[in-house]
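What follows is a single structure, written as structure tokens, with notes after it.
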Protein chains: 2
Amino acid sequence: MPSNADPLGQSVWTRPPRSRGAQPALSRTQIVRTAIELLDEKGLEGLSMRRLGERLAAGATSAYWYVATKDELLELVLDEVMGEIEVPEVGATDWRAAATALAHGLRSMILRHPWVAGLFGVRPMMGPNAMRMSDRMVGVLTAAGFSGLDVAYASSLLMSHVIGSATMEAAWKRSIAPGMSVGESVEKLRPYIDEVSSRYPHYGAWWRENRAMDPDGLQEEGFAFAVERLLDGLQLWLDRREKAGPA
Amino acid sequence: MPSNADPLGQSVWTRPPRSRGAQPALSRTQIVRTAIELLDEKGLEGLSMRRLGERLAAGATSAYWYVATKDELLELVLDEVMGEIEVPEVGATDWRAAATALAHGLRSMILRHPWVAGLFGVRPMMGPNAMRMSDRMVGVLTAAGFSGLDVAYASSLLMSHVIGSATMEAAWKRSIAPGMSVGESVEKLRPYIDEVSSRYPHYGAWWRENRAMDPDGLQEEGFAFAVERLLDGLQLWLDRREKAGPA
DNA sequence: TCGGCGCTCGTACGGTGTTCGAGGAACCTA
DNA sequence: TAGGTTCCTCGAACACCGTACGAGCGCCGA
């Protein structure tokens, strides 16, 4: 997988999908949907072009008529699941509610398809669904009072946070046995954590005071907390700027 | 690469490194350092066990005596570069300055080794260097007035943001031809962006007003902006809580 | 009826991570 | 000094992977 093949230049989004006449057995959307099925079942490493062909009841390399490369398929897949996120219309609610909904929507999509966490770093998201989301986000932020580069900054702040926390959560999920809860895993790791944290003063002290906590649901709460702080920070900036000079 | 091999249970950090007697030709640290060299030169996809063996002037599979699996090697590599980050001592400065330094330190490490962005999702960071960083962070946040779960929330907020924005930046860097600046790439993409953004009302409007911006250095500024907002949000929360009930 | 085109897919190439086991070199013990 | 044991190296092989290529199929317009 060259993966840096065709940097810039022609991308999936500029080239029209193949197949216009006849009645082909496969289609781009069918391929993408089947790929997502496979990914949901077996994760990122479980998707190979051969397996995809098998599941499509087609030859191992048949998908290559519709898709130039595996990376390109993943790009399409990423945009497809981005389409699952519902973003509130601009003006439907205040900007805080809209941003909160967007953040939680993105997060729950990632929890539904944990493998996407590994896809964000591959290519910038330029597909139609990602664009639709950006569009709404820009609308919401502009209406809130951001302008110029601030819009890009604020929107990138929101996205970055969700993607980052999803990445870290995915790392956790990966390292625990499937079917085991986070709590049970922490329980098994406890001796190691005890041993290690005793060597680090601050961490150790914190751990001793908080070892009784229940780790399940902690990610969720932490995410909600973070979104609130983050929006507070943005709101504060808006307030300060308005007070200083209302343009 | 099973990659889910040995979920939990024994990890690199619990098992002592091999080789105690004799004078072996290789060593864990040498392998890790050479791997980083290779990664810096050719990126994540450029590192294969065979190439690593070659560069070590050793057999293709010799490294497997010191490292159980490629994933494990990557875990060691990740922790090694985490060691490059210098974190201010607790109490050396106020917590805002410390957190800012930590965020920028982590970010510049990632810019130095862009391939790490693809490693954060693999396993939770539990190596000694990552732990040292967490330790400092916990110390700083506790001194600032956070306690209990808030510490974990706030620290995860900081880390998530840096990792998320690094991931997105890596995606961008990957899609542009090597040696080309961001500005030049945007220039080449301009017709496509123009065409696309015209179909999205808010995004299009924003783009028309801001198409003249200089994209180089924008990431840097956006990052600094985000860190400020984020710390503002945390500070505000501390203030509010203190006012409500000073424990 | 006959090209030509859209589409499928078997085969093959050059990689990948990892297992296995034969072998060598250095050490401890007798 | 001899023998045995343990540590370490590495060539060969296995089961995969992404992808190029081109032969061949069936439908369509002429």
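Letters go in sequence order (proteins before strands), and every chain restarts at 1.
Separating the CD atom of B/Glu45 from the C1' atom of D/dT19 is a distance of 14 Å, rounded to the nearest angstrom. The interatomic distance linking A/Arg28 (CZ) with C/dG6 (P) rounds to 16 Å, in whole Å. D/dG11 atom P lies 12 Å from atom CD of B/Glu54, rounded to whole Å. If you take CH2 of A/Trp65 and C1' of D/dG18, they are 19 Å apart, rounded to a whole angstrom. Computed from coordinates, the B/Leu52 CG to C/dT18 C1' distance equals 14 Å when rounded to whole Å. The nearest whole Å value for the distance from the OH atom in A/Tyr64 to the P atom in C/dG10 is 15 Å. Across the protein-nucleic acid pair, A/Lys42 atom NZ and D/dC17 atom P stand 11 Å apart, rounded to whole Å. Separating the CE atom of A/Met49 from the P atom of C/dT8 is a distance of 13 Å, rounded to the nearest angstrom.
Looking at heavy-atom distances under 4.0 Å, B/Leu47 makes contact with sugar-phosphate atoms alone, never a base. Looking at heavy-atom distances under 4.0 Å, B/Ala60 makes no contact with the nucleic acid at all. Across all strands shown, A/Leu56 has no heavy atoms under 4.0 Å from either base or sugar-phosphate atoms. Looking at heavy-atom distances under 4.0 Å, B/Ser48 makes contact with sugar-phosphate atoms alone, never a base.
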**Request:** With side chain to side chain donor-acceptor pair (under 3.5 Å) as the test, would you mind laying out the steps for A/Asp135 and B/Trp206 before giving the verdict?
**Result:** CA-CA 9 Å; A/Asp135 183 59; B/Trp206 181 83; over 6 Å; no
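Here the straight-line distance linking atom CH2 of A/Trp207 with atom OG of A/Ser198 works out to 12.5 Å at 0.5 Å rounding.
Residue-to-nucleotide contacts include no donor-acceptor pair under 3.5 Å from the side chain of A/Thr69 to the base of D/dG18. For C/dG15, its base never sits under 3.5 Å from the side chain of B/Arg50 at any donor and acceptor pair.
Residues B/Val81 and B/Ile110 form no side-chain contact, since every pair of their non-hydrogen atoms from C-beta on lies 4.5 Å or further apart. Residues A/Met126 and A/Glu75 have side chains not in contact (no heavy-atom distance under 4.5 Å, counting atoms from C-beta outward).
The side chain of A/Thr61 contributes no N or O atom lying less than 4.0 Å from OP1 or OP2 of C/dC9.
Nearer the 5' end of DNA chain C, as judged by each residue's closest nucleotide, is the contact made by A/Ala57, out of B/Arg51 and A/Ala57.
Ion pair A/Glu37/A/Arg33 not flagged as a salt bridge, since none of the NZ, NE, NH1 or NH2 atoms sits closer than 4.0 Å to an Asp/Glu carboxylate oxygen.
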